[in-house]
Colleague: 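Take this structure first; my questions come after.
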Amino acid sequence: MKKVDEILGKTENGLPQPSWTSKTSTGNRSLSTPEHEAPQRELISQETKAMVNMVFARFMAIYGHKFKSAFETEQEIMIAKREWAMSISGYGENELVAAINRCKETLAWMPSISEFLNILKEVGADFGLPSSYEAYQEACRYAGDHHHGWSHPAVYEAAKQTGWYEIRGEAEANIYPRFRYYYDMISKRVRAGETIDQPVPVAIEDKSEVTHATTMLEFAKTHQIDEAEACKLLYYLTLPEGSNVRSRQYQQSLATAQDRGWTLPTTQ
């Protein structure tokens, strides 16, 4: 059974050991390769190392032998701690403690890095930041709404960098990863203390919705069909021009219109 200090990699005064992280890559290079031939390593601050030691200490106290059984050798511990350090760099102690407490309440085993990062995002409410998916849903609902009060400026900024046109028109599987990338980058800036300005509502009158509604009602009257059916058939008019989702919706409506001998008011 490994000792506590072996797992945490700390000296008697509580500081990380000099060999806290592995000096070798995880590739095929021999352990005896001279240090000057090793690729340049990403620097990890003493503060981040201390945070990782704190996280590991808490997990060991919470999960006991389950935690210890996850690491067979000191080398595995060093590699794991380096990966954790690179992953949680930029998060503060309050966030980490909140995430650890959430783990204690919900997980029977120590989380993987990806699980812990997801939990960190969930407890990001300390900064007023919604989770990335909640932020994405908000961006989808209010894209183009100049009067919406955004839950956090980071949501608006990420949506703007992703592209309003793309958010409204592209399928989630295609656009959400792009939005999440921008949102994560901006969220890190917020956690680092940067202030993101709240967008100022722009008084722009958008008459397109009124125009579409009028077209739908006229179509229903011309073809003597229910207004709800006309709205469903011409729904593609409300989608961004040139987008994939508009094209798909138009093709579906076109098939129905051709069967009934109708001409749709516009093309895709």
Side-chain angles (χ1 to χ4, degrees), residues 1-11 14-17 19-22 26 42-138 151-152 154-155 158 176-177 179-194:
M1 183 68 69
K2 294 181 285 295
K3 297 180 180 179
V4 173
D5 286 343
E6 291 176 334
I7 293 177
L8 297 184
K10 296 192 295 184
T11 60
L15 296 175
Q17 295 280 8
S19 59
W20 186 83
T21 57
S22 173
T26 55
E42 182 178 349
L43 296 179
I44 298 175
S45 69
Q46 291 296 321
E47 180 181 2
T48 299
K49 293 179 182 180
M51 290 296 101
V52 173
N53 280 332
M54 181 273 292
V55 170
F56 272 50
R58 286 291 307 278
F59 281 153
M60 187 176 64
I62 294 168
Y63 298 108
H65 73 278
K66 293 180 181 179
F67 172 85
K68 297 177 184 179
S69 65
F71 306 103
E72 295 297 326
T73 65
E74 182 181 352
Q75 184 73 3
E76 287 185 9
I77 296 171
M78 290 191 296
I79 293 173
K81 290 172 75 174
R82 175 171 173 78
E83 289 299 323
W84 276 80
M86 291 188 293
S87 300
I88 68 175
S89 176
Y91 287 97
E93 183 176 359
N94 291 337
E95 290 176 282
L96 295 173
V97 169
I100 293 169
N101 291 339
R102 179 71 62 84
C103 293
K104 181 170 65 174
E105 296 169 356
T106 60
L107 301 179
W109 291 83
M110 174 182 170
S112 66
I113 293 177
S114 62
E115 290 172 332
F116 191 73
L117 290 176
N118 285 332
I119 291 175
L120 272 170
K121 293 174 184 178
E122 291 175 4
V123 300
D126 291 347
F127 290 86
L129 292 164
S131 69
S132 59
Y133 191 67
E134 289 173 336
Y136 170 73
Q137 289 179 313
E138 181 180 0
S151 61
H152 194 285
V155 180
Y176 174 54
F179 173 87
R180 184 175 56 196
Y181 168 79
Y182 287 119
Y183 184 68
D184 287 349
M185 294 300 101
I186 296 169
S187 295
K188 286 183 179 180
R189 288 161 49 193
V190 172
R191 295 186 185 102
E194 182 176 339

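Throughout, numbering of the chain's residues begins at 1 and tracks the sequence.
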Colleague: Would you please classify the geometry between the F67 ring and the F71 ring as parallel, tilted or perpendicular, with 30° and 60° separating the classes?
Modeller: perpendicular
Colleague: Which distance, rounded to the nearest 0.5 Å, do you find between the OH of Y183 and the OH of Y176?
Modeller: 9.5 Å
Colleague: Tell me, please, which residues at least two apart from R180 pass side chain to side chain donor-acceptor pair (under 3.5 Å).
Modeller: none
Colleague: Would R58 and L96 satisfy side chain to side chain contact (heavy atoms under 4.5 Å, CB included), going step by step from the backbone distance to the final call?
Modeller: CA-CA 10 Å; R58 286 291 307 278; L96 295 173; over 6 Å; no
Colleague: A side-chain contact here means heavy atoms from C-beta on lying under 4.5 Å apart; do N101 and K104 qualify?
Modeller: yes
Colleague: What's the separation between atom CD in E105 and atom CG in L107, rounded to the nearest 0.5 Å?
Modeller: 10.0 Å
Colleague: Is it true that, when you exclude E76 itself, more than 12 heavy atoms of the residues, nucleotides or ligands shown sit nearer than 6.0 Å to its CD?
Modeller: yes
Colleague: Below 4.5 Å, heavy atoms only, C-beta onward: do E134 and V155 meet side chain to side chain?
Modeller: no
Colleague: Taking all atoms of both residues into account, what is the closest heavy-atom pair of A108 and Y63, and its distance?
Modeller: O-CD2, 3.4 Å
Colleague: At what distance, to the nearest 0.5 angstrom, does NE2 of H152 lie from CG of L129?
Modeller: 4.5 Å
Colleague: Can you name the nearest heavy-atom pair linking I186 to A158, along with the distance?
Modeller: CD1-N, 3.5 Å
Colleague: Between C103 and I119, what is the shortest heavy-atom contact and its length?
Modeller: SG-CD1, 3.5 Å
Colleague: Using the ring of each side chain (for Trp, its six-membered ring), is W84 parallel, tilted or perpendicular to F116, with breaks at 30° and 60°?
Modeller: tilted
Colleague: Within the 4.5 Å heavy-atom criterion, are I100 and M54 side-chain neighbours or not?
Modeller: yes
Colleague: What I'd like to find out is whether the side chain of M110 reaches to under 4.5 Å of the side chain of K66, using heavy atoms alone.
Modeller: no
Colleague: Which heavy atom in A85 sits nearest to a heavy atom in V52, and how many Å separate them?
Modeller: CA-CG2, 3.6 Å
Colleague: What distance do I79 atom CD1 and E74 atom CD have between them, rounded to the nearest 0.5 Å?
Modeller: 11.0 Å
Colleague: With a 4.5 Å heavy-atom cut-off, do K81 and N53 have their side chains touching?
Modeller: yes
